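Taking it in order: structure first as structure tokens, then the write-up.
Values in this document were obtained by computation on a predicted structure and should not be read as measured data. In what follows, chains carry the letters A, B, and so on, assigned in the order in which the sequence lines appear, proteins first and then strands, with residues in each chain numbered from 1.
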Number of protein chains: 2
Amino acid sequence: MKFNDKVPIYYQIKQYVYQEIILGHLKAGQKLPAIRQLAVTLTVNVNTIQRALSELTTEGIIITQRGKGNFVTNDTQLLQALKKRIVTEQFSELYDKMLALKITPAEMVQYLKNYIDQRKEVQHD
Amino acid sequence: MKFNDKVPIYYQIKQYVYQEIILGHLKAGQKLPAIRQLAVTLTVNVNTIQRALSELTTEGIIITQRGKGNFVTNDTQLLQALKKRIVTEQFSELYDKMLALKITPAEMVQYLKNYIDQRKEVQHD
DNA sequence: AATAGTGTATTAGCTTTCTATTACACTATA
DNA sequence: TATAGTGTAATAGAAAGCTAATACACTATT
């Protein structure tokens with residue numbers, strides 16, 4: 001997996017797990033791959049996986065059963081809220097950065113639309 | 001200054017300088033505060049300031065004159081392009097993250113509008 | 001009981017970032 | 001020419017993150 005070297009890997013792994021849950025690749029109650037397996041798959045050290053899962057456990061997203069494995073929580077309410085939480089986080093960050101540049105909300109929407117149009121054009125290459 | 005501990009301080013200082021230029025607080029040719037002064041103002045070490053300015057110099061945004069100080073470039077074309085570059089970077093990041101969550105461009109716009117409305121409501125408290 | 005598959009914990013060492021400190025080099029000016 | 005203000009460089013040490021390696025603990029199965 002390709003990681004951004006400006007932000008801790010364990011943090012990016014957390015985001016990856018969020019993503020897999022949101023995409024439905026990981027469902028409530030489902031068993032995650034073994035940490036040694038994840039370490040191989042993501043090509044990072046077991047301890048780095050551990051740190052990410054440990055924080056996810058603290059959040060209640062992941063339940064660890066010693067000797068058995070790691071499982072996605074069965075708390076469907078928590079999982080439902082996850083997508084909203086993650087998406088909102090991203091828009092919140094963007095909003096604050098734009099505001100710091102004195103860009104108005106209306107302009108933000110326009111910038112986003114323009115960016116989208118631009119991506120569509122480039123797609124046609 | 002408050003820094004995000006997930007990303008290097010020198011990197012955040014670069015962003016801060018970009019911001020000050022975009023906002024027009026720093027204009028073409030203008031002298032920056034002395035690095036020792038910046039270090040005090042931002043409450044970081046001189047070397048950390050140095051690293052940020054060194055990278056900005058490499059980009060041509062800042063011109064260093066030994067013994068005199070650091071100055072914003074007079075290359076107005078470069079400065080003009082800066083705002084677009086920084087803003088686009090942010091939307092690009094958002095777009096990619098949303099796409100990873102299988103959120104369509106149309107939905108992105110809607111999410112942004114919703115977030116903006118939400119912020120407006122909260123403002124009224 | 002032994003074994004394989006899990007998570008947990010610890011230690012050592014590397015790299016990056018940041019700080020602290022000191023010394024040096026160039027520029028302007030009194 | 002002395003001095004104050006500037007950037008530059010180098011060293012040492014602390015902290016965070018990551019890796020590697022090893023050992024341990026729990027669970028399920030043979």
Separation of [N] [atom2] from [X] [atom1] (nearest whole Å):
X        : N       : atom1 : atom2 : value
Phe3(B)  : dC18(C) : CZ    : C1'   : 11 Å
Leu38(B) : dT19(C) : CG    : C1'   : 17 Å
Arg51(B) : dA20(C) : CZ    : C1'   : 17 Å
Phe71(B) : dT27(C) : CZ    : P     : 12 Å
Arg36(B) : dT21(C) : CZ    : P     : 14 Å
Ile35(A) : dT8(C)  : CD1   : P     : 7 Å
Asn45(A) : dA12(C) : CG    : C1'   : 13 Å
Gln50(B) : dA23(C) : CD    : P     : 19 Å

Search all heavy atoms of [X] against all heavy atoms of [Y] and return the closest pair with its distance.
X         : Y         : answer
Leu42(B)  : Met1(B)   : CD2-SD, 3.7 Å
Lys27(A)  : Val72(A)  : O-CB, 3.3 Å
Lys113(B) : Val109(A) : CE-CG1, 4.0 Å
Ile13(A)  : Thr48(A)  : CD1-CG2, 4.2 Å

Does the side chain of Tyr10(B) get closer than 4.0 angstrom to OP1 or OP2 of dT17(C) through an N or O atom? yes

Do Leu56(A) and Val7(A) share a hydrophobic cluster (ILVMFWY, side-chain heavy atoms under 4.5 Å, transitive)?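 Per the 4.5 Å side-chain linkage, Leu56(A) and Val7(A) are not co-clustered.
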
Between dT8(C), dT19(C), dC18(C), which nucleotide gets closest to the side-chain atoms of Ile9(B)? dC18(C)

Would you classify Asn70(B) as touching base, sugar-phosphate or nothing, given that sugar-phosphate means primed atoms plus P, OP1 and OP2, and contacts are heavy atoms under 4.0 Å? sugar-phosphate

Between Gly67(B) and Tyr11(B), which residue's closest nucleotide on DNA chain C lies nearer the 5′ terminus? Tyr11(B)

With nearest nucleotide decided by heavy atoms, which residue, Val46(A) or Gln65(A), maps closer to the 5′ end of DNA chain D?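 Its nucleotide being nearer the 5' end, the pick is Val46(A).
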
Could you check Thr48(A) against Lys68(A) and say which one's nearest nucleotide on DNA chain D is further toward the 5' end?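 Here Thr48(A) is the residue nearer the 5' end.
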
Ionic contact status for Lys97(A) with Glu89(B), cut-off 4.0 Å: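 No salt bridge links Glu89(B) with Lys97(A).
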
Cation over ring face, Arg85(B) and Tyr18(B), 6.0 Å, 45°: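 The answer is yes; both the distance and angle limits are met.
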
With a 4.0 angstrom cut-off to heavy atoms of chain B, pull out the first and last contacting nucleotide of DNA chain D, in 5'-to-3' order. dG5(D) to dA10(D)

